[in-house]
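A short write-up of the structure that comes next.
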Amino acid sequence: MTDRLAWKPLEIGPESPGVAGDAEGLLAELRRTDVAALLTERKALVFRGFGITEETLGTVMDELLPNRAAYVHGNSPRTKVGRNVYTSTEYPAEFVISMHNELSYAHAWPERLLFFCAVQPGTGGATPLVDAALWLESLDAEVREAFAGGVRYTQNLHGGRGLGKSWQETFETDDPAEVERFLAGAEAEWQWRPGNALRVVQNRPATVRHPVTGAEVWFNQADQWHPAMLGADAAALARVMPADELPQSVSFADGGAIPPEYVTQIRDRGLEAAVDVDWRTGDLLLIDNLLVAHGRRPFTGDRRVLVAMSS
């Protein structure tokens, strides 16, 4: 446990002989490094001092994310700014975004995430990272046992007007047939509802094992989907309508209610064990999306962080 608590991302800069502090220098460094093996070993890599800009970002992304994927079925509000490049979650600056692994509620998830800081925040705004195996170990045995059977996620996606994201935004298409093909492949249940709305229900595991290391990691978003963890307005809404009518909700896989104290523990222990990556303009952060969960600290001033993901 002591070693895990001492974990932090590996920072890589242009200190090696012959490595320039620019995008070409970073590309040269990447091409002589076994990035996959290094990332599995260190779980997260910070590239700092290479002066990356939004204009030079594309070539670096092509090297680090060879199979860049779209954010299809993602539930976070984002803006697409390039070829499968998005803003990080657009959530009010004064709030914490709790720890999570990207798309852990989905049938398929990215293996890698790459974050890029185009504009560093005035204050705060760090991206906290937590070792997902440590997060699992930190939970009480009662909580781990309760989640052993997995979780059930329910989404109610409107057709253009309503709370939360529309199904068109979520699946990046206006074609219902394309959505149905995606959901069939994802082994999800769905139902078209009045008003061109769509309900999606999926049972997913609460933990997974890393395909290389074999480590068992906490890998779900039960806390973020639970009404008890929503803001005051959403919590008030949850008191006047059934949980499964909310834009998103979660239960145990058998339909049983998850106690609020369980998700509070999950959220708090993930944040308590996290290590902050403080941003500087031009930084890149590459993470193994199974081995490491991420979040966001509150901030002031401007903050522009872009993200892309890859299988």
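Numbers here simply count residues along the sequence, with the first being 1. Since we're looking at a predicted model, the values are computed, not measured.
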*Taking T281 for the side chain and Q120 for the main chain, is one N or O donor matched with an acceptor at less than 3.5 Å?*
yes
*asked:* Using side-chain heavy atoms (C-beta onward) and a distance below 4.5 Å, is V46 in contact with V277?
replied: yes
*Between the side chains of T127 and W279, is a donor N or O closer than 3.5 angstrom to an acceptor N or O?*
yes
*So, T173 and E178: side-chain donor and acceptor under 3.5 Å apart, yes or no?*
yes
*Going hydrophobic residue to hydrophobic residue with side-chain gaps under 4.5 angstrom, can you get from L39 over to L30?*
yes
*Report yes if some heavy atom in the side chain of V85 is under 4.5 Å from a heavy atom in the side chain of V307; otherwise report no.*
no
*Please list, chain by chain and in numerical order, all residues satisfying ring pair (Phe, Tyr, Trp, His ring centres under 6.0 Å) with W167, sequence neighbours excluded.*
W192
*Does D288 reach the main-chain N or O of T40 with its side chain, forming a donor-acceptor pair under 3.5 Å?*
no
*Which of these passes side-chain contact (heavy atoms from CB on, under 4.5 Å) with L114: L306, L284, L285, L45?*
L284
*Quick one: do V208 and L103 end up in the same hydrophobic cluster if we chain Ile, Leu, Val, Met, Phe, Trp and Tyr together by side-chain heavy atoms under 4.5 Å apart?*
yes
*Would you call the rings of Y105 and Y153 parallel, tilted or perpendicular, where under 30° means parallel and over 60° means perpendicular?*
perpendicular
*Using modelled atom types only, decide if a donor and an acceptor are shared between the side chain of D283 and the backbone of R48 within a distance under 3.5 Å.*
no
*Report yes if the side chains of D62 and R83 come closer than 4.5 Å at any heavy-atom pair, otherwise no.*
yes
*asked:* Is there a side-chain contact between R112 and L65 in this structure, where contact means two heavy atoms from C-beta onward sitting under 4.5 Å apart?
replied: yes
*Using the ring pair (Phe, Tyr, Trp, His ring centres under 6.0 Å) rule, collect all pairs that involve residues 288-311, keeping only residues at least two apart or in two chains.*
H100-H294, F115-H294
*asked:* Quick check on the hydrophobic clustering: are V60 and V81 connected, directly or via other members, by side-chain heavy-atom contacts under 4.5 Å?
replied: yes
_S310 and E111: side chain donor to acceptor below 3.5 Å_ = no
_Donor-acceptor side-chain pairing of T264 and E261 below 3.5 angstrom_ = no
_Check for me, please, whether I287 and V212 land in the same ILVMFWY cluster - side-chain distances under 4.5 Å, paths through other members count._
no
*Should S98 and Q224 count as side-chain neighbours, where that means a heavy-atom distance under 4.5 Å?*
yes
*Looking only at non-hydrogen atoms, find the nearest pair between R296 and P128 and report the distance.*
N-CD, 3.4 Å
_Stepwise side chain to side chain contact (heavy atoms under 4.5 Å, CB included) check, R204 with Q221_ = CA-CA 10 Å; R204 299 290 181 240; Q221 289 186 32; over 6 Å; no
_Full working for salt bridge (charged side-chain N to carboxylate O under 4.0 Å, His left out) between R193 and E245_ = CA-CA 12 Å; R193 310 191 78 197; E245 296 290 339; 3.5 Å; yes
*Taking the six-membered ring of F252 (Phe, Tyr or Trp), confirm whether the NZ or CZ of R152 is under 6.0 Å from its centre and within 45° of its axis.*
no
*asked:* Quick one, R68 with N84, criterion side-chain hydrogen bond (donor to acceptor under 3.5 Å, both in side chains). Give me CA distance, side-chain angles, the key distance, then yes/no.
replied: CA-CA 7 Å; R68 205 148 79 227; N84 294 338; over 6 Å; no
*Does the side chain of D140 pick up a donor-acceptor pair with the side chain of Q265 at under 3.5 Å?*
yes
_Quick check on the hydrophobic clustering: are L271 and I266 connected, directly or via other members, by side-chain heavy-atom contacts under 4.5 Å?_
yes
